[in-house]
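Comments concern the structure below.
Chain naming here is simple, since letters A, B, ... match the order of the sequence lines and numbering starts at 1 in each.
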Protein chains: 2
Amino acid sequence: MQTLSTEDYLKAIYHVSQSSSGAVATTSIAKQIGAKPSSVTDMFKKLSDQNLVKYQKYQGVSLTNEGVKTALRIVRKHRLWESFLVSHLNFNWDEVHQVAEQLEHIQSEKLTNELERFLDYPTHDPHGDPIPNRALFMKTYSKILLTELPVNKEGVCIGVKDNSSGFLRYLDRRQIGIGTTLQVLHREDFDDSLHIQAGKSTLMITKKTAENIYVKP
Amino acid sequence: MQTLSTEDYLKAIYHVSQSSSGAVATTSIAKQIGAKPSSVTDMFKKLSDQNLVKYQKYQGVSLTNEGVKTALRIVRKHRLWESFLVSHLNFNWDEVHQVAEQLEHIQSEKLTNELERFLDYPTHDPHGDPIPNRALFMKTYSKILLTELPVNKEGVCIGVKDNSSGFLRYLDRRQIGIGTTLQVLHREDFDDSLHIQAGKSTLMITKKTAENIYVKP
DNA sequence: AAAAATATTTAGATTAAACTAAATTTTTAA
DNA sequence: TTAAAAATTTAGTTTAATCTAAATATTTTT
């Protein structure tokens, strides 16, 4: 049986490996988890003993098939709970993360599957991230960053890269959310800032903001 | 901040102190928690340092006001989650305990209060136990054991003393549940067994069964 | 290609929660 | 009211997850 902590590490390894190629480095997990690299090394060894990761000294880790499955089971629970909090318990999309971090560790297959049924088999969570189904399969539809959307072409916001509540609240203030229609009106060469149409209003956003918003063209 | 384990101990102390008078003995908690008495002593000291219990060597513990509050907050969460599992996630009343044991430790006041609102402020859980409200107050209406119900007087089943899934499934098979109308038709002097009317059917139950069923006359 | 910087691992210590075995206190019974 | 039994505590150990500091390996820069 897994302790909470090994689950946290597996999830972190999964997320880091999604947003970069090759093996996952000790330091990247240390940053993600908020632990010292030496603690991460210890855990890499433990996970390796359990055949959840492939580990070679000084070369980082990669998840085994079993490790991916375990990680996806946690991601599934995390995203289902986030969906529930927003759809039924009046949570805002910037408030759900911390609570879902706890709920994702609850062990009960029946609970997870019944929650999924109760929510009517959602495919995406409140941040636009796909929810693995019972077979741990998820549809990842093609998406591009707002920085890559050609000028004057319309797109729909379908997700965010940065899930921090600071960024999400900022988007709320700008009235940008999942489903908002976006269009780049002008790209400023000087500082890469963008003039955009967001729903009915026009506004200016920085490059940094734009590269944390996913759109479907 | 409390660890999971101190919460478990506080809840155990609360429950034991409800069903007996005076201080709570080390052994009774050891049995309840499934730990060795020496571990319980260690925890008693820790809880005492945090002013959650009053502890005197060899004399057991009693909860302080703060300790009672903390215990009631956990009981509140436990019973709200049990209610949710039964009312919305197709759990049977004998299946909820283990999962609620995990869910009761989730830390988020907003979650608890929103769950309560979502359930429309339930006053009792699926086993008939009262749910503390936001102010940690609960109505404990007067109830008697089925063994104390006078012969030929009608009563309604409003709870059970033994919450084990074995007993609950036994009651399911006998078609006895919360709300079932019960009436003692005959008390057998020889072995204290009871002939009862339960809803539309008559059946025989042992003394042991009867003294685990609460009724409202 | 050597030196410097960075990343990673090892060794040893710490903390919380448990344990066993032995010692002590309290309770029960003769 | 002692002796025996039961309950409780103490002392010392274990385990999992962390840490710091030192050692080692890898990568980058000159």
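Nucleotide D/dA7 holds its C1' atom 11 Å from the NZ atom of B/K31, rounded to whole Å. Remark: P of C/dT9 and CD1 of A/I29 are 12 Å apart, rounded to the nearest angstrom. One atom, CD of B/Q59, and another, P of C/dT25, lie 12 Å apart when rounded to the nearest Å. B/D42 has its CG atom 19 Å from the P atom of D/dA7, to the nearest Å. A/K36 places its NZ atom 21 Å from the P atom of C/dG12, with the value rounded to the nearest Å. Taking atom OH of B/Y58 as the reference point, atom P of D/dT9 lies 7 Å away to the nearest angstrom.
An OP1 or OP2 oxygen of D/dT9 is reached within less than 4.0 angstrom by a side-chain nitrogen or oxygen of B/Y55. For B/K57 and C/dT26, the shortest distance from a side-chain N or O to OP1 or OP2 is not below 4.0 Å. Contact annotation: A/T26 reaches the phosphate of C/dT9 (side-chain N/O to OP1 or OP2, under 4.0 Å). OP1 and OP2 of C/dT9 both lie 4.0 Å or more from every side-chain N or O belonging to A/S38.
Contacts of B/S39 with the nucleic acid, taken as non-hydrogen atoms under 4.0 Å apart, include base atoms. Looking at heavy-atom distances under 4.0 Å, B/F44 makes no contact with the nucleic acid at all.
Closest to the A/K46 side chain, of the nucleotides D/dT20, D/dA17, D/dT10, is D/dA17.
Within the cation-pi definition used here (under 6.0 Å to the ring centroid, within 45° of the axis), A/K45 does not qualify as a partner of A/Y55.
Under the 3.5 Å distance criterion, with hydrogens and angles disregarded, no donor-acceptor pair is assigned to the side chains of A/N51 and A/E66.
Taking the six-membered ring where tryptophan is involved, the planes of B/H186 and B/H195 are tilted, since the angle between them lies from 30° to 60°.
For A/R134 and A/E116, the salt-bridge test fails: no basic side-chain N is under 4.0 Å from an acidic carboxylate O. Electrostatic pairing of A/K77 and A/E7 does not count as a salt bridge here, judged by no charged N lying under 4.0 Å from a carboxylate O.
No N or O donor and acceptor, one from the side chain of B/T41 and one from the base of D/dT10, sit under 3.5 Å apart.
Judged by closest nucleotide on DNA chain D, B/V40 is the one of A/M43 and B/V40 placed further toward the 5' end.
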